[in-house]
Amino acid sequence: MTAVASVLMSACGTTSTVPVTGRKHSLLVSDAQVLSLSNQQYSEIMKKATLSTNTTNSTMVKRVGQRLATAVETYLKNNGAASEIQNFAWEFNLVKSNEANAFCMPGGKIVVYEGLLPYTQNETALAIVLGHEIAHAVAKHSAEQMSKQIRQQYGTQILGTVLNSAVGSSVGDIAATIAQQGFSFANLKYSRDNESEADHIGLIFAAMAGYNPQEAIPFWQRMSSGNSNTSDVLSDHPSDAKRIAALQKEMPEALKYYQATQPAVTTRATTTTKKKTTTKRK
């Protein structure tokens with residue numbers, strides 16, 4: 001990469017601090033740009049999706065999601081990040097699909113697939129999953145991944161004429177180009193570091209919301225038995241063993257938050273889908 005490109009990227013970036021972990025990262029796209037793209041994609045997804053007709057499970061998803069959202073907003077207010085709350089307009093939907101998956105779009109749009117519920121089995125485990133997905137949004141992992149792609153584009157622009165063109169354009173234009181190339185928030189592959197950070201933050205968020213974080217261990221064991229991920233060399237996710245070991249190490253911190261809050265009233269999920277499906281990890 002040329003010195004000019006390096007200076008350009010440095011000038012355009014803004015530093016953001018990840019809640020809970022305190023990690024700092026440089027982002028080349030604004031909240032407004034990310035939310036605009038996210039809202040467009042969410043609308044397209046929901047036009048094609050079929051909402052679940054299981055009232056009990058749909059209500060559970062909304063209840064767990066809202067409890068987590070309230071805990072997250074309270075945490076942000078109490079830790080000097082109240083301005084971040086304006087970036088969230090929470091929605092929680094359970095959709096018909098045998099896929100064992102869930103995602104949270106930037107802006108707090110959460111979708112859970114029915115195929116995940118045979119793995120969660122109860123409300124607390126669902127809170128563990130949604131805490132992880134919400135953590136991706138709160139930590140701005142989507143913006144971080146988009147910024148990496150922008151930097152990669154800059155890095156390939158080594159010819160003078162191309163570089164001059166880049167200098168004359170805005171980061172917003174390049175972000176739009178990336179979006180047009182298929183940047184999908186719903187199917188975004190985060191790095192292993194992002195996934196591990198989301199596990200950590202999500203565990204804390206679930207505990208803050210009154211859900212016992214210890215449920216994370218049996219949940220990930222169930223996920224592991226459904227589709228074992230024994231090596232993380234070629235994966236965007238930590239191996240199951242490393243993921244569980246990390247969660248166990250972080251458990252004392254999470255339990256402090258759990259013990260300091262009012263426990264959530266949990267009910268066991270009622271699912272009509274008994275067949276376990278191939279797990280798509282988030």
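No hydrogens, no waters, no symmetry mates; every other heavy atom, side chains included, goes into these values. From a predicted model like this one, the values you see are computed outputs, not experimental measurements.
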Main-chain N/O of Arg222 paired with Ser225 side-chain donor or acceptor, under 3.5 Å: yes

Atom NZ of Lys77 with >12 non-hydrogen neighbours under 6.0 angstrom: no

Under 3.5 Å: donor-acceptor pair, side chain of Thr70, backbone of Gln66: yes

Check: Leu117 main-chain N/O paired with Thr120 side-chain donor or acceptor under 3.5 Å: yes

ILVMFWY network linking Leu35 to Trp90, side-chain heavy atoms under 4.5 angstrom: no

Asp31 side, atom CG; Ser36 side, atom OG - distance, nearest 0.5 Å: 12.5 Å

Thr15 side chain to Ser26 backbone, donor-acceptor under 3.5 Å: no

NZ/NE/NH1/NH2 to OD/OE distance under 4.0 Å, Glu250 and Lys256: no

Check: Asn122 side chain, Thr124 main-chain N or O, donor-acceptor pair, under 3.5 Å: yes

Member of His200, Glu197, Glu144 meeting the side-chain contact (heavy atoms from CB on, under 4.5 Å) criterion with Val18: Glu197

Derivation of the side chain to side chain contact (heavy atoms under 4.5 Å, CB included) call for Glu133 and Ile110: CA-CA 8 Å; Glu133 300 303 336; Ile110 295 174; 5.8 Å; no

Criterion side chain to side chain contact (heavy atoms under 4.5 Å, CB included) on Ser97 and Glu114, from CA distance to verdict: CA-CA 6 Å; Ser97 172; Glu114 287 182 325; 5.9 Å; no

Pair Glu84 + Lys140, salt bridge at N-O below 4.0 Å: yes

CG on Asp193 to NE2 on His141, rounded to 0.5 Å: 9.0 Å

Exercise: do Thr17 and Lys24 side chains pair donor with acceptor under 3.5 Å: yes

Parallel, tilted or perpendicular: ring planes of His132 versus His136, cut at 30 and 60 degrees: perpendicular

Donor-acceptor pair, side chain of Thr59 and main chain of Thr55, under 3.5 angstrom: yes

4.5 Å side-chain heavy-atom contact, Met60 and Leu126: yes

Rounded distance (nearest 0.5 Å) linking atom NE2 of His25 with atom OG of Ser147: 8.5 Å

Close side-chain approach of Tyr211 and Ile128, heavy atoms under 4.5 Å: no

Val138/Tyr75 under side chain to side chain contact (heavy atoms under 4.5 Å, CB included): CA gap, chis, key distance, verdict: CA-CA 11 Å; Val138 173; Tyr75 174 82; over 6 Å; no

Between Glu91 and Tyr42: side-chain donor-acceptor atoms closer than 3.5 Å: yes

Min side-chain heavy-atom separation Asn39-Met105 under 4.5 Å: no

Flag, side chain of Gln41 to backbone of Phe185, donor-acceptor distance under 3.5 Å: yes

Check: Gln33 side chain, Ser30 main-chain N or O, donor-acceptor pair, under 3.5 Å: yes

Heavy-atom side-chain proximity of Ser142 to Tyr190 below 4.5 angstrom: yes

Leu51 side chain near Leu94 side chain, heavy-atom distance below 4.5 Å: no

Carboxylate-amine/guanidinium contact Arg63 Glu123, below 4.0 Å: yes

Side-chain (Arg243) to main-chain (Pro238) donor-acceptor, under 3.5 angstrom: no

Pairwise side-chain contact, Phe103 with Ile45, heavy-atom cut-off 4.5 Å (strictly under): yes

Salt-bridge present (Glu195, Lys189; N to O < 4.0 Å): no

From CG (Leu76) to CD (Gln86), nearest 0.5 Å: 11.5 Å

Pairwise distance SG(Cys104) to CG(Leu130) - rounded to 0.5 angstrom: 8.5 Å

Nearest atoms (heavy-atom pairs only) where Leu255 meets Pro213: CD2-CG, 3.8 Å

Rounded distance (nearest 0.5 Å) linking atom CG of Leu68 with atom CZ of Phe205: 9.0 Å

Backbone of Val34 reached by a side-chain donor or acceptor of Ser38 within 3.5 Å: no

Lys62 and Asn93, any side-chain heavy atoms less than 4.5 Å apart: yes

Contact check, side chains of Pro106 and Phe88, non-hydrogen atoms, under 4.5 Å: no

Verdict with reasoning, Ile201 to Thr21, per side chain to side chain contact (heavy atoms under 4.5 Å, CB included): CA-CA 7 Å; Ile201 298 172; Thr21 67; 3.8 Å; yes

